Amino acid sequence: MNINIIGAGIGGLALARALHLRGLRPRVFEANPHMVSLGGGLLIPPNSARILDHLGLSNVLQEGVALQDMQILDASGRLLYHRDQREGQQRYGRPLIGLARTALHRALAESLPAGTILPGHRLERIHITLMASHEVASDLLIGADGRASKARQLMWSGTQLVPNQQTAYRGVARTRPLREWSETFGEYWGSGRRFTFFRIGEELTYWHASIQQKPGMVFERKKTELLRLYRDFPVQVYGLAGQYG
């Protein structure tokens, strides 16, 4: 059975791994000529950790950080929500893990047999145009090519993404947050702004800053503008955003 997956992101690679464990031999076609990861951080809750168990990839969680609690605060630092993640760990047997996206992406790619992932191949008119301009037959074609999916566009041409006026700037700081936040998923809410951060490694903290911004608008001086927008937030936020770029 010819199973072809469009997109070598986390979704496409995880599906390929699951099919491989079932004795199938899918191929994963990636438009980018090189395998790249978007970077940043991921939260791996207990149910996702169980899926990694089934995929034989639970060892990758050792590269992450067990987060003990979640806190949401307003821009002045007033606590709005708190959840002790240790309760979930006791109930489900696993903690909430902060993990580098690149670590999971790499583990998935390395779990697949050589030749499974084929970079530099782009979907066109529901066939895959290879560098040699050959066509690939598919008994099953699966689109896993992300937000701007070519597969979705070809199958449902009238589908349009709806802008939500939100733009997220993100980064990985080579530092820990303040000591009391070193094992916390933290998020600050302000008017039209939100700032999230959590550790994904020994000295790595992932953060993203979500702001209301018109579609297509881009800051020319991103760090300067971010620092201006978050100048009234606690020093924790200002320190992480200051490492942007």
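Since the model is a prediction, treat every value here as computed from it, not as a measurement. Atoms considered below: every heavy atom in the structure, side chains included; atoms not considered: hydrogens, waters and symmetry mates.
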Heavy-atom closest pair (Ala8 atom, Glu30 atom, distance to 0.1 Å) is N-OE1, 2.8 Å
Do Asp84 and Glu87 come close enough that some side-chain heavy atom pair is under 4.5 Å?
yes
Hydrophobic clusters here meaning ILVMFWY residues chained together by side-chain heavy-atom distances under 4.5 Å, can you tell me if Leu21 and Ile3 are in one? yes
### Task
Taking the side chain as every heavy atom from C-beta outward, state whether Arg170 and Tyr206 have any atom pair closer than 4.5 Å.
yes
Notebook entry, point to check: Is the backbone of Pro119 close enough, under 3.5 Å, to the side chain of His121 for a donor and an acceptor to pair up by distance?
Noted result: yes
Problem - SB check Arg176 Glu203 (cutoff 4.0 Å) - result: yes
message = Is any side-chain heavy atom of Ile211 closer than 4.5 Å to one of Leu229?
response = yes
Item to complete: Find out whether Arg101 and Ile10 are in side-chain contact, i.e. whether some heavy atom of one side chain is under 4.5 Å from a heavy atom of the other.
Response: yes
Shared hydrophobic cluster, Phe29 / Val36 (ILVMFWY, side-chain heavy atoms < 4.5 Å)
no
Between the OG atom in Ser58 and the CD1 atom in Ile97, the distance rounded to the nearest 0.5 Å is 11.0 Å
Rounded to the nearest 0.5 angstrom, the OG1-CG distance for Thr196 and Leu43 is 9.0 Å
On a heavy-atom basis, the closest approach of Gly115 and Leu118 is O-CD2, 3.7 Å
Would you sort out whether Arg199 and Glu183 count as a salt bridge (Lys or Arg N to Asp or Glu O under 4.0 Å), showing the intermediate values?
CA-CA 7 Å; Arg199 280 177 58 218; Glu183 296 179 337; 5.2 Å; no
Practice prompt. Show your reasoning for whether side chain to side chain contact (heavy atoms under 4.5 Å, CB included) applies to His20 and Thr116.
Written response: CA-CA 10 Å; His20 175 72; Thr116 300; over 6 Å; no
*Can you check side chain to side chain contact (heavy atoms under 4.5 Å, CB included) on Leu15 and Val28, steps first, answer last?*
CA-CA 10 Å; Leu15 176 58; Val28 183; over 6 Å; no
**Message:** Does this structure show an ion pair linking Asp145 with Arg122, if we count only N-O contacts that are shorter than 4.0 Å?
**Reply:** no
Looking only at heavy atoms, the pair that brings Trp207 and Leu240 closest together is NE1-O, 3.5 Å
Between the CE atom in Met70 and the OG1 atom in Thr184, the distance rounded to the nearest 0.5 Å is 10.0 Å
Between Ile117 and Met35, is any pair of side-chain heavy atoms under 4.5 Å apart? yes
Closest non-hydrogen atoms of Pro46 and Tyr92, given as atom of the first, atom of the second and distance, are CB-CB, 3.8 Å
OG1 (Thr159) and CD (Gln153) are apart, to the nearest 0.5 Å, by 9.5 Å
### Query
Taking the side chain as C-beta and beyond, is there a heavy-atom pair between Arg106 and Ser37 under 4.5 Å?
no
Whether over 12 other heavy atoms sit under 6.0 Å from Arg83 CZ:
no
To the nearest 0.5 Å, atom CZ of Arg94 lies from atom CD of Gln85 at 14.5 Å
Taking the side chain as every heavy atom from C-beta outward, state whether Asn59 and Leu52 have any atom pair closer than 4.5 Å. no
**Item:** Cluster overlap Leu112 with Leu108, hydrophobic side-chain contacts below 4.5 Å
**Value:** yes
Going by atom types only, do Asn2 and Ser138 share a side-chain donor-acceptor pair under 3.5 Å? no
Legend entry - Sub-6.0 Å ring centroid separation between Tyr230 and Phe195: yes
Distance col, row Ile6:CD1 vs Leu141:CG, nearest 0.5 angstrom, shows 4.5 Å
Verdict with supporting geometry, Val65 and Ile200, side chain to side chain contact (heavy atoms under 4.5 Å, CB included): CA-CA 6 Å; Val65 176; Ile200 58 174; 5.8 Å; no
Practice item. Check whether Leu80 and Leu67 end up in the same hydrophobic cluster, where Ile, Leu, Val, Met, Phe, Trp and Tyr are linked by side-chain heavy atoms less than 4.5 Å apart. Key: no
**Prompt:** Hey, do the aromatic rings of Phe198 and Trp181 have their centres closer than 6.0 Å?
**Reply:** no
Looking only at heavy atoms, the pair that brings Ala107 and Val60 closest together is CB-CG2, 3.9 Å
Residues Asp74 and Ser76: closest non-hydrogen pair is OD1-OG, 2.7 Å
- Task: Determine whether Tyr188 and Tyr81 fall in the same hydrophobic cluster, where Ile, Leu, Val, Met, Phe, Trp and Tyr are linked whenever their side-chain heavy atoms lie under 4.5 Å apart.
- Result: no
message = Given 3.5 Å as the limit, does a donor-acceptor pair link the side chain of Arg193 with the main chain of Ala209, or not?
response = no
task: Verify side chain to side chain contact (heavy atoms under 4.5 Å, CB included) between Met1 and Arg25, making sure each step is shown before the conclusion.
output: CA-CA 8 Å; Met1 184 176 185; Arg25 295 295 180 267; over 6 Å; no
- Could you check if a side-chain atom of Phe197 sits within less than 4.5 angstrom of a side-chain atom of Gln236, using non-hydrogen atoms only? yes
